[in-house]
Number of protein chains: 2
Amino acid sequence: MTEDNHPSAGAKAYRAMKEMILDGRLKPSASYLETELADWIGVSRTPVREAALRLEREGLVKVRPRRGIQVLPVSAEDMNEIYQLLSALEPLAAQLAAEKGLDEATMAAMTEATERMETALEENDLVSWAEADDAFHALLVEASGNARLIEATARYRTQVHRARMATLTMRPTPQKSTEDHRALLDCLLNRDPEGARAVHYAHRCAAGEMLTELLSRHHLDNL
Amino acid sequence: MTEDNHPSAGAKAYRAMKEMILDGRLKPSASYLETELADWIGVSRTPVREAALRLEREGLVKVRPRRGIQVLPVSAEDMNEIYQLLSALEPLAAQLAAEKGLDEATMAAMTEATERMETALEENDLVSWAEADDAFHALLVEASGNARLIEATARYRTQVHRARMATLTMRPTPQKSTEDHRALLDCLLNRDPEGARAVHYAHRCAAGEMLTELLSRHHLDNL
DNA sequence: GTCGGAAATAATGTATGCATTAATGTGTAC
DNA sequence: GTACACATTAATGCATACATTATTTCCGAC
């Protein structure tokens, strides 16, 4: 049957389903049966069910009794909620990271991510820019050292990713955004917690407003 | 408005396990087998496993392959992490609630909770005080209208509850804390988002420092 | 006597079958 | 013709059986 059983089937189902949602193979608002997904992934219903429950907790799907596992569309209102949260959480991460100080590896990685954003901006390579931006934010939260904070922000990453990708070409050139990252990095290196918090809070609020405005203006309510 | 009134075995297992952790029938640091819990609750392993995975996601237990489901002790460091998060999340809730304005029912309920805190303080009834305090915070977050914010804070409620109960008799009389609530309520009624945020942020920071200091001073690392 | 390896045991992870339940379609009655 | 009810069908939720794997114990060799 399944010859590829080295990683656990539960993790396989989770990753497969998440990936399928992310790349659009499972369409927003559409519903899928447990059996259907199980066949498709190559595992039984149990791990699929497990994964569905987990994805439901993460807000990506809704399991509706007898009506299938529905991929939840991300609305402008959802992104507004998420950005409100991230505008509280990430500045906290920035503050904590500045208080603790960055270790060598993190410092290098964040500097590198910032430079990648700057060069991508010059070359107008928006996809590379977004990737570097994602990496920067992930590193920042990691650097806070607060495991629960890391976990909480990770939960929203895929949804933010969907929205960001959809709006990448509509948004203005991320000049200011890139400068914000450089400014935050300076605060981190100078061990200035209050500055880091303030800079990143402003950054997040601006990003959130820009994104939700874009989404509602373009009626992107089904990401 | 938790509609988890299903007679389903899954919900039953979840509630039973959470309750057993909360009231100490399942002891911190101890491990329990899936079969054991299933027999004890009166369902099969499947819903127990489901509940265990959910509780692991909530940080209450850790499922360790072949070593059972371990009830995680809450350490001073854990409470520090949680209070850092809540110090970011709840002030946001206060701000959003003040921006939106409270509906009649919420306004009444929060006013009532505040009054209960005040009378409980006069009568030195710490348990009632803590209950009213919990209710106030829950109402505040609900009033933010941000579903993800509500969900995120709910996740830490049981752990905070454990720590608060353990330290209830050690802490100084919550005079200042009660006054803070009254001040926050005024900000909410006056529709003062910035004030609400600031007042509640200060409140949360103070509460967090007090609690973690108490926990580490009394070496309460196994709640 | 101690260390290493192999086998047995026990607990998890997965699959499957069964029963419950909700949804839909058809038939009959008004 | 429409509405309501009953029956059929199909999908989930749960339980149980099975397979996988890790841990521990025992035996043998050095």
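Letters A, B, ... are given to chains in the order of the sequence lines, protein chains preceding strands, and every chain is numbered from 1. Any value given below was found using the heavy atoms of this structure, including those in side chains, with hydrogens, waters and symmetry copies removed.
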A.B. asks: Measure across B/V71 and B/V61 and return the closest heavy-atom pair with its distance rounded to 0.1 Å.
C.D. replies: CA-CG1, 4.2 Å
A.B. asks: Are the charged groups of A/E19 and A/R15 less than 4.0 angstrom apart, N to O?
C.D. replies: no
A.B. asks: Can you give one letter per nucleotide of nucleotides 5-18 of chain D, 5' to 3': B if a protein heavy atom sits under 4.0 Å from the base, S if only from the sugar-phosphate, - if neither?
C.D. replies: ------BBBSBBB-
A.B. asks: Taking atom CG of A/L85 and atom OG1 of A/T153, what is their separation to the nearest 0.5 Å?
C.D. replies: 10.5 Å
A.B. asks: Rounded to whole Å, please give me the gap between CD1 in A/I41 and P in C/dA15.
C.D. replies: 11 Å
A.B. asks: Could you check whether B/R49 pairs with A/E50 (Lys NZ or Arg NE/NH1/NH2 to Asp/Glu carboxylate O, under 4.0 Å)?
C.D. replies: yes
A.B. asks: Any salt bridge linking A/E58 with A/R155? Criterion: basic side-chain nitrogen under 4.0 Å from a carboxylate oxygen.
C.D. replies: no
